[in-house]
There are 2 protein chains.
Amino acid sequence: MFGTIFMTLSEEDYIKAIYHLGKGDNTTVSTNGVAEQMETKPSSVTDMVKKLSEKGVVNYRPYKGVSLTEHGQKIALSLVRKHRLWEVFLVEKLNFSWDEVHEVAEQLEHIKSEKLIDQLDKHLGFPEVDPHGDPIPSKKGEFKKTIKKLLNEVAIGTSGICVGVKDSSPPFLKFLDKNKIALGDTILILEKEEFDGSFYIQVKDIKIHISNQIASNLYLKITA
Amino acid sequence: MFGTIFMTLSEEDYIKAIYHLGKGDNTTVSTNGVAEQMETKPSSVTDMVKKLSEKGVVNYRPYKGVSLTEHGQKIALSLVRKHRLWEVFLVEKLNFSWDEVHEVAEQLEHIKSEKLIDQLDKHLGFPEVDPHGDPIPSKKGEFKKTIKKLLNEVAIGTSGICVGVKDSSPPFLKFLDKNKIALGDTILILEKEEFDGSFYIQVKDIKIHISNQIASNLYLKITA
DNA sequence: ATTATTATTTAGATACGTCTAAATAATTGT
DNA sequence: ACAATTATTTAGACGTATCTAAATAATAAT
């Protein structure tokens with residue numbers, strides 16, 4: 001097997017876009033779809049997709065759309081791996097917040113060095129998910145599936161990452177803020193109070209008690 | 001003052017090359033010099049230097065050479081700062097060895113995020129020198145001067161980073177290896193034995209005794 | 001099924017960064 | 001001081017990645 005072919009920055013961005021549009025499965029995606037995702041013009045996509053096809057990383061049939069080859073998928077997964085590892089690094093080691101990491105990770109994911117990524121992975125303690133709760137592919141490209149659930153639907157004893165709210169009214173957000181619950185936090189479900197459906201949960205080493213109404217408005221991402 | 005103008009990868013590389021050729025002072029350097037440093041052709045340098053001149057980062061007079069403007073120097077120092085901080089990161093946190101860091105740092109130095117660098121600096125404990133003993137410019141562009149000296153010429157009590165050998169014969173290198181002295185190691189001069197000119201030194205928490213002959217063949221880089 | 005609409009591709013242009021070959025300026029040797 | 005040499009620039013070309021405008025294919029509507 002030859003080492004991964006050299007891809008330009010731009011080529012890598014297209015591969016990632018096609019990957020994300022195809023939702024990780026190898027779905028065929030449209031030229032216009034890619035153009036929108038990349039904030040570019042359809043004609044540019046056609047040009048690039050032809051080139052990627054020559055390189056053997058996508059399957060392209062004019063007017064019929066484009067999908068990643070096996071090789072293309074490997075590259076996409078490697079990029080996703082790098083992106084998410086860097087996100088963990090930024091949050092855990094450099095005090096970035098949940099919503100600041102994407103732009104920087106978008107740059108860092110293009111750095112080419114196998115050793116760098118392997119060592120970064122080790123340095124971070126081989127994390128399984130990124131700060132948004134999304135799974136980090138292994139070196140070989142395997143990764144766990146995750147699902148999004150409301151907190152009140154999650155089994156006792158499992159933990160997940162807070163990824164969103166159902167109710168985004170100011171009072172609710174204020175409540176979360178007061179209780180130091182933020183997006184990106186890992187939440188462990190300790191116990192359910194059957195009497196009123198309330199929950200005992202643990203957020204960053206602090207145990208708190210939340211009503212069922214709160215629980216049914218918080219989305220967690222959990223490893224399936 | 002406006003934030004730093006956007007520079008492409010290529011432009012940044014030229015700025016750094018001009019900076020290094022000018023040895024940090026604002027010396028005027030030749031087109032051919034830059035071409036050699038960059039491993040490119042003189043005509044390419046002329047083209048780029050014209051563009052950089054338009055952008056106000058270099059002073060360029062045809063046939064007379066090129067130098068950095070104050071703005072160009074700021075950019076160069078910022079690149080050097082980033083490069084060296086990343087080198088420290090790679091060695092201290094990711095177990096890279098002395099000689100593996102350059103290529104990767106060369107890529108990382110182009111990442112654009114002020115917060116990233118500030119936090120990285122903090123994460124590393126605000127280091128003053130990189131693994132090669134070269135000083136790291138502060139955010140404002142100031143940095144300490146360093147000089148290279150033979151170990152036997154260094155004052156007692158000072159420490160420096162091992163950056164080279166005068167005698168590179170196999171027996172000498174084998175001696176260094178046996179005594180766990182490697183390039184990049186910080187060496188502290190503890191005491192000098194006046195009787196035979198030998199030295200007591202400390203390398204990575206270990207005290208050792210070396211002859212004057214050894215001491216006069218080891219180069220240290222010390223902060224002036 | 002034919003037309004209208006939308007999606008996609010092609011053709012030709014532009015900006016960037018590079019190159020080679022030719023022209024011109026600066027420097028060196030005698 | 002002039003010729004020879006070397007350094008530098010100019011002119012014209014190429015590859016990458018993009019764009020606009022026009023042409024063509026696929027899809028939807030009646």
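These numbers come from a predicted model, not from an experiment. Below, read A as the first sequence line, B as the second, and so on, with proteins coming before strands; counting in each chain starts at 1.
Cation-pi contact between A/Lys115 and B/Phe96: present, with separation from the ring centre below 6.0 Å and deviation from the ring axis of at most 45°.
Annotation: side chain of A/Asp185 is in contact with side chain of A/Lys204 (closest heavy-atom distance under 4.5 Å). Residues B/Tyr19 and B/Asn26 fail the side-chain proximity criterion, which asks for heavy atoms closer than 4.5 Å.
Of the candidate nucleotides C/dT24, D/dT10, C/dC19, C/dT24 has the atom nearest to the side chain of B/Tyr63. Checking C/dC19, C/dT18, D/dT9 against every side-chain atom of B/Tyr14, the shortest atom distance belongs to C/dT18. Each of C/dT10, C/dT20, D/dT18 was ranked by its minimum atom distance to the side chain of A/Ser10; first place goes to D/dT18. Residue A/Lys64 places its side chain closer to D/dA26 than to any other of D/dT10, D/dT18, D/dA26. Counting only heavy atoms from C-beta on, A/Asn32 has its side chain closest to C/dA7 among C/dT10, C/dT18, C/dA7.
Expressed to the nearest 0.5 Å, how far NZ of B/Lys112 lies from CZ of B/Phe6 amounts to 5.0 Å. Interatomic distance, A/Thr146 OG1 to A/Lys221 NZ, rounded to the nearest 0.5 Å: 5.0 Å.
Qualifying side-chain hydrogen bond (donor to acceptor under 3.5 Å, both in side chains) partners for B/Gln73, counting only residues two or more places apart in sequence or in other chains: none. Partners of A/Asp167 under the salt bridge (charged side-chain N to carboxylate O under 4.0 Å, His left out) rule, at least two apart in sequence or in another chain, do not exist in this structure.
At the phosphate of C/dT9, OP1 or OP2 sits under 4.0 Å from a side-chain N or O atom of A/Thr31.
Using a 4.0 Å heavy-atom criterion, one finds that B/Ser44 contacts the bases of the nucleic acid, with or without backbone contacts as well.
As a whole-Å value, the separation of B/Asp13 CG from C/dC16 P is 17 Å. A/Leu52 places its CG atom 11 Å from the P atom of D/dT18, with the value rounded to the nearest Å. Atom P of nucleotide C/dT18 and atom NZ of B/Lys50 are separated by 15 Å, given to the nearest angstrom. The interatomic distance linking B/Glu36 (CD) with D/dT8 (C1') rounds to 15 Å, in whole Å. One atom, CE of B/Met48, and another, C1' of D/dT8, lie 17 Å apart when rounded to the nearest Å. Following rounding to the nearest Å, B/Asp47 (CG) and D/dG12 (P) show an atom-to-atom distance of 14 Å. Nucleotide D/dA7 holds its C1' atom 15 Å from the NZ atom of B/Lys41, rounded to whole Å.
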Short heteroatom pairs, N/O only, protein and nucleotides 2-5 of chain C, under 3.5 Å:
none

Fill in: Pair B/His132-B/Glu87, side chain to side chain donor-acceptor pair (under 3.5 Å): steps then yes or no
CA-CA 9 Å; B/His132 308 94; B/Glu87 285 192 340; 3.0 Å; yes

Item to complete: Might you work through the side-chain contact (heavy atoms from CB on, under 4.5 Å) test for A/Phe143 and A/Ile136, ending with a clear yes or no?
Response: CA-CA 6 Å; A/Phe143 63 97; A/Ile136 297 172; over 6 Å; no

Worksheet entry | Evaluation steps, side chain to side chain donor-acceptor pair (under 3.5 Å), between A/His83 and A/Asp130 | CA-CA 9 Å; A/His83 184 101; A/Asp130 75 9; over 6 Å; no

Fill in: Stepwise salt bridge (charged side-chain N to carboxylate O under 4.0 Å, His left out) check, B/Glu106 with B/Lys16
CA-CA 11 Å; B/Glu106 204 71 6; B/Lys16 247 189 68 172; 3.6 Å; yes

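Nucleotides of DNA chain D nearest to B/Val45 and A/Thr8 differ in position, and the one nearer the 5' end is that of B/Val45. Taking for each of B/Ser43 and A/Glu11 the nucleotide of DNA chain D with the nearest heavy atom, the 5'-most of the two is the partner of B/Ser43.
The salt bridge (charged side-chain N to carboxylate O under 4.0 Å, His left out) analysis of residues 24-50 of chain B, with sequence neighbours excluded, yields no pairs.
A heavy atom closer than 4.0 Å to some atom of DNA chain D occurs in B/Tyr60, B/Pro62, these being the qualifying members of residues 55-62 of chain B. Taking a 4.0 Å limit (strictly below) on heavy-atom distances, residues 103-113 of chain A does not reach DNA chain D anywhere.
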